[in-house]
Amino acid sequence: MCGIVGYVGPREPTEILLKGLKKLEYRGYDSAGLALFYEGKIKIKRCQGKLSQLEQEVQNSRYCATPVQNHFVGIGHTRWATHGKPSERNAHPHQAGPIALVHNGIIENYASLREKLLSKGHAVSSETDSEVVALLIYDHLKSGCDFEKAVFLAIQELIGSYSLGILCETEPNKLIAVRNGTPLIVGVGDHENFIASDIPALLEHTNKFIYLEDHEVVVFEPNSLVIKNIAGKEIKKEIHHIQWTADMVEKGGFQHFMLKEIHEQPQAIINTLQDRVVKDKNVLYLKDLKLSEDEIRQIRKIYLVACGTAYHASMVGKYLIESFARIPCELDLASEFRYRDPLIGEKDLLIVTSQSGETADTLAALREAKKKGAKVISICNCRGSTIDRESDSTVYTQAGPEIGVASTKAFSTQLVVFNLLALHLGLTLKTLTPEKAAPYVQDLVRLPYTLDEVLKKEPEIKRIAEKFYKKKTFLYLARGMNMPIALEGALKLKEISYINAEGYAAGEMKHGPIALVDEDTPVIILAPKDKYYDKVLSNLEEIKARAGIVIALGSEGDLHLPKVADWFIPLPQKSENVMPILLTIPVQLIAYYIALKKGTDVDQPRNLAKSVTVE
Ligand code: AGP
């Protein structure tokens with residue numbers, strides 16, 4: 001999963017491309033490169049390592065472009081290695097003769113294509129599938145096609161996913177882009193145009209975007225862009241105006257995007273509730289949910305499918321929907337769903353959850369369900385993303401751009417949307433009366449203010465977290481609707497601090513995990529005063545009896561918990577439907593402050609990418 005940027009316009013593009021790549025570094029950051037024209041020739045600058053290495057190289061070598069007919073074109077790329085280890089020669093852009101190219105995706109038939117090209121006398125200089133695409137275009141160019149025709153012929157031979165930015169020395173003021181299987185958008189500027197893998201890369205220059213669909217090709221020339229379908233026919237596309245501002249993407253004074261986004265959660269939840277709940281009444285408007293009352297009545301089963309943190313949100317969703325709407329729910333990891341020949345059919349509803357809207361496994365699950373006739377709703381944070389566009393309807397989280405690789409505000413707003421959905425379904429089916437819904441809706445509406453209260457405990461949480469940053473194993477325990485938060489807390493710690501952590505249903509302890517407990521194992525127990533409290537308390541005693549260190553997240557006013565736990569973080573006691581969201585803040589902060597103390601790269605943890613757009 002990589003980041004692509006491209007530029008066509010009157011400005012010298014080096015800085016534009018580098019700053020655009022900086023905004024995409026969360027998508028992959030093991031190597032990066034640029035391709036520009038200098039005196040009519042393509043010049044490529046590539047570096048292994050973070051983008052800052054490339055910036056340094058560009059500066060030291062005074063790498064820049066010269067105009068062609070008063071215009072510049074250029075492409076850039078930041079890589080997350082799929083084929084070929086991170087190295088300069090595997091970095092993009094790749095060049096083949098007069099062609100330079102950047103690629104995001106996986107070419108599944110690259111080996112056979114490479115054999116064919118080698119047999120025609122071409123030579124390869126990298127281990128990547130991307131270089132094969134550049135060679136294929138070059139091969140068609142050599143057979144007499146012009147640049148555009150060579151691209152169209154080459155992409156017909158590709159199997160797999162590929163978003164491309166391509167330059168050609170024979171037509172130096174043209175840039176061709178292709179979108180297929182991985183995200184690529186067009187930024188429409190004043191006398192200049194752009195391509196990028198994601199909106200934040202271009203917000204500084206424009207808020208007008210065109211979302212490309214699979215198999216669409218864009219031919220950019222100075223002051224013009226033409227979009228064509230795979231058959232080469234020109235097509236008209238809508239220009240969307242996005243209200244995100246460039247500073248929304250900046251860190252806003254926080255040390256990391258992740259901490260900024262933890263603190264943005266109250267506002268993100270306000271934005272997600274906007275126009276969906278009538279204040280002081282228990283009326284919910286989910287106008288973006290295209291499900292009629294009749295369709296709701298006919299739902300046989302709801303399948304909840306996602307990856308990672310979005311899967312944990314779906315776990316909470318199952319509890320909420322089954323509790324409020326009494327509709328049976330089945331949970332699946334997206335990477336498993338399509339391979340088990342699921343029994344989903346026309347009478348079923350699939351709800352996919354995805355922050356990016358581009359996760360390959362989740363998208364594949366959506367397509368599998370549609371193939372089997374099911375209706376598909378997505379809970380998504382990125383309008384215009386592939387999952388958004390391929391769903392029958394999307395209930396958007398309004399979290400704004402989430403840059404930190406570790407998902408935080410997207411997760412809490414996903415939980416809010418699951419609340420809204422479950423309440424809407426329950427009230428529609430009358431399995432939930434407005435009177436019974438009242439406390440749930442009110443605590444949801446008040447949630448942003450309650451979270452502000454929880455965030456005030458940050459210094460205490462930081463102090464506790466820092467005591468344990470050298471520990472090697474953590475356990476997270478909870479029951480009921482809070483159990484997924486134990487899993488989420490463990491995932492947060494793993495992915496940003498690289499410390500092993502396990503989340504478990506507290507009732508599972510005696511079935512194995514308790515063997516992990518000793519005086520060196522911090523155990524984070526979520527123990528609010530709910531119907532599971534006594535059971536969780538006995539689990540806590542079992543941990544203490546084995547000298548485990550207990551950090552308990554519990555209810556303000558609980559006088560017993562602080563006596564039995566080693567550390568106690570009191571939280572407001574609210575309705576059960578919002579407690580998972582309240583408990584999420586402390587586990588996010590614990591992971592953040594442990595990682596900070598360890599000095600790991602919080603926003604761009606090793607081996608990870610923000611959106612996994614390949615299998
Ligand atoms: C969460 O912190 C991780 N970054 C990861 O598990 C993520 O939730 C998962 O890859 C799903 O991404 P999506 O929500 O964009 O589909």
Side-chain angles (χ1 to χ4, degrees), residues 1 24-29 80 182-183 197-200 256-259 261-262 265 268 304-317 332-337 350-367 376 378-391 394-397 399-415 417-418 476 484-485 487-498 501 503 584-585 587-592 595 600-615:
M1 208 283 299
L24 297 177
E25 228 185 348
Y26 66 88
R27 299 175 61 81
Y29 34 84
W80 183 68
T182 54
S197 302
D198 199 356
I199 288 170
H256 293 101
F257 281 113
M258 182 180 176
L259 188 58
E261 287 152 8
I262 289 172
Q265 291 181 106
L304 302 169
V305 179
C307 297
T309 287
Y311 176 77
H312 298 151
S314 305
M315 291 177 87
V316 178
D332 266 283
L333 285 168
S335 52
E336 293 291 317
F337 180 73
L350 172 74
I351 299 178
V352 289
T353 302
S354 175
Q355 187 286 127
S356 63
E358 299 297 349
T359 300
D361 284 322
T362 309
L363 177 58
L366 177 155
R367 290 172 174 165
V376 177
S378 66
I379 298 175
C380 188
N381 195 45
C382 294
R383 288 172 187 271
S385 62
T386 309
I387 287 175
D388 173 21
R389 282 180 288 115
E390 295 195 14
S391 300
T394 301
V395 186
Y396 295 103
T397 50
E402 184 178 74
I403 307 301
V405 164
S407 189
T408 50
K409 60 179 182 174
F411 178 65
S412 50
T413 52
Q414 286 162 1
L415 296 185
V417 169
F418 269 117
Y476 290 72
I485 310 307
L487 307 188
E488 175 59 13
L491 175 63
K492 288 279 117 14
L493 187 67
K494 276 182 275 199
E495 65 177 323
I496 64 173
S497 74
Y498 318 149
T584 298
I585 305 279
V587 299
Q588 290 171 342
L589 289 170
I590 287 168
Y592 174 77
T600 53
D601 194 333
V602 170
D603 281 334
Q604 296 167 5
R606 69 184 181 196
N607 309 338
L608 291 176
K610 180 61 183 171
S611 168
V612 184
T613 57
V614 293
E615 267 202 63

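Basis for what follows: all heavy atoms, side chains included, without hydrogens, waters or symmetry-related copies. When a ligand or atom number is given, it counts from 1 through the structure's own listing order.
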Exercise for the section: Distance to 0.1 Å, residue and atom name: give those for the protein heavy atom nearest to atom 1 (C) of ligand 1. Expected result: Thr309 OG1, 3.0 Å
Exercise for the section: Indicate yes or no: does an N/O atom of Thr353 lie under 3.5 Å from an N/O atom of ligand 1? Expected result: no
Completion exercise
What one should report as the nearest heavy-atom pair of Ala410 and Gln355 is CB-CG, 3.3 Å
Problem - Element-labelled atoms of ligand 1 that are located less than 4.0 Å from some non-hydrogen atom of Ala406 - result: 2 (O)
Exercise for the section: Determine yes or no for a side-chain-to-main-chain donor-acceptor pair under 3.5 angstrom, with Glu358 supplying the side chain and Thr386 the backbone. Expected result: yes
Practice task
List every atom of ligand 1 that sits less than 4.0 Å from any heavy atom of Gly308, numbering the atoms from 1 in the order shown and giving each element.
Solution key: 6 (O)
Problem - Those atoms of ligand 1 less than 4.0 Å from some heavy atom in Lys492 - result: 1 (C), 2 (O)
Practice task
Could you tell me the residue and atom name of the protein heavy atom closest to atom 13 (P) of ligand 1, and the distance to it rounded to 0.1 Å?
Solution key: Thr359 OG1, 3.3 Å
Handout entry: Heavy-atom closest pair, residues Leu493 and Ala501
Key = CD2-CB, 3.9 Å
Practice task
Assess the side chains of Gln265 and Thr408: does a donor N or O sit below 3.5 Å from an acceptor N or O?
Solution key: no
Practice task
Return yes if some donor-acceptor pair links the side-chain N/O of Thr394 with the main-chain N/O of Tyr396 below 3.5 Å, else return no.
Solution key: no
Handout entry: Heteroatom distance test (Thr362, ligand 1): nitrogen or oxygen, under 3.5 angstrom
Key = no
Exercise for the section: Tell me which protein heavy atom sits closest to atom 10 (O) of ligand 1, plus the residue, atom name and distance to 0.1 Å. Expected result: Val612 CG2, 4.3 Å
Problem - Whether Glu358 lies under 4.0 Å from ligand 1, heavy atom - result: no
Handout entry: Nitrogen or oxygen of Gln414 less than 3.5 angstrom from that of ligand 1
Key = no
Practice task
Below 4.0 angstrom from a heavy atom of Ser354, which ligand 1 atoms are there? Numbered from 1 as shown, please.
Solution key: 13 (P), 14 (O), 15 (O), 16 (O)
Exercise for the section: Not counting sequence neighbours, which residues clear ring pair (Phe, Tyr, Trp, His ring centres under 6.0 Å) with Tyr592? List them please. Expected result: His256
Exercise for the section: Report the nearest protein non-hydrogen atom to atom 2 (O) of ligand 1: residue, atom name, distance rounded to 0.1 Å. Expected result: Glu495 OE2, 2.5 Å
Exercise for the section: Please report which non-hydrogen protein atom sits nearest to atom 11 (C) of ligand 1, along with the residue it belongs to and the distance in Å to one decimal place. Expected result: Cys307 O, 3.5 Å
Problem - Lys409 side chain to Pro401 backbone, donor-acceptor under 3.5 Å - result: yes
Practice task
State which residues pass salt bridge (charged side-chain N to carboxylate O under 4.0 Å, His left out) with Arg367; sequence neighbours excluded, sorted by chain then number.
Solution key: Asp214, Glu390
Problem - Spacing of Thr359 atom OG1 and Leu366 atom CG [to the nearest 0.5 Å] - result: 12.0 Å
Handout entry: Ser611 contact mode with ligand 1 (heavy-atom cut-off under 4.0 Å)
Key = neither
Exercise for the section: Give yes or no for whether the N/O distance cutoff of 3.5 Å, strictly under, is met between Val405 and ligand 1. Expected result: yes
Practice task
Give the atoms of ligand 1, by number and element, whose distance to some non-hydrogen atom of Ser407 is under 4.0 Å.
Solution key: 1 (C), 2 (O)
Practice task
Note the single closest protein heavy atom to atom 15 (O) of ligand 1, along with its residue, its atom name and the distance in Å.
Solution key: Ser356 OG, 2.7 Å
Exercise for the section: Return yes if a side-chain donor-acceptor contact under 3.5 Å exists between Thr309 and Ser407, otherwise no. Expected result: no
Practice task
Could you find the nearest protein heavy atom to atom 14 (O) of ligand 1 and give me its residue, atom name and distance?
Solution key: Gln355 N, 2.7 Å
Problem - Short side-chain to backbone donor-acceptor contact, Ser314 and Ala310, under 3.5 Å - result: yes
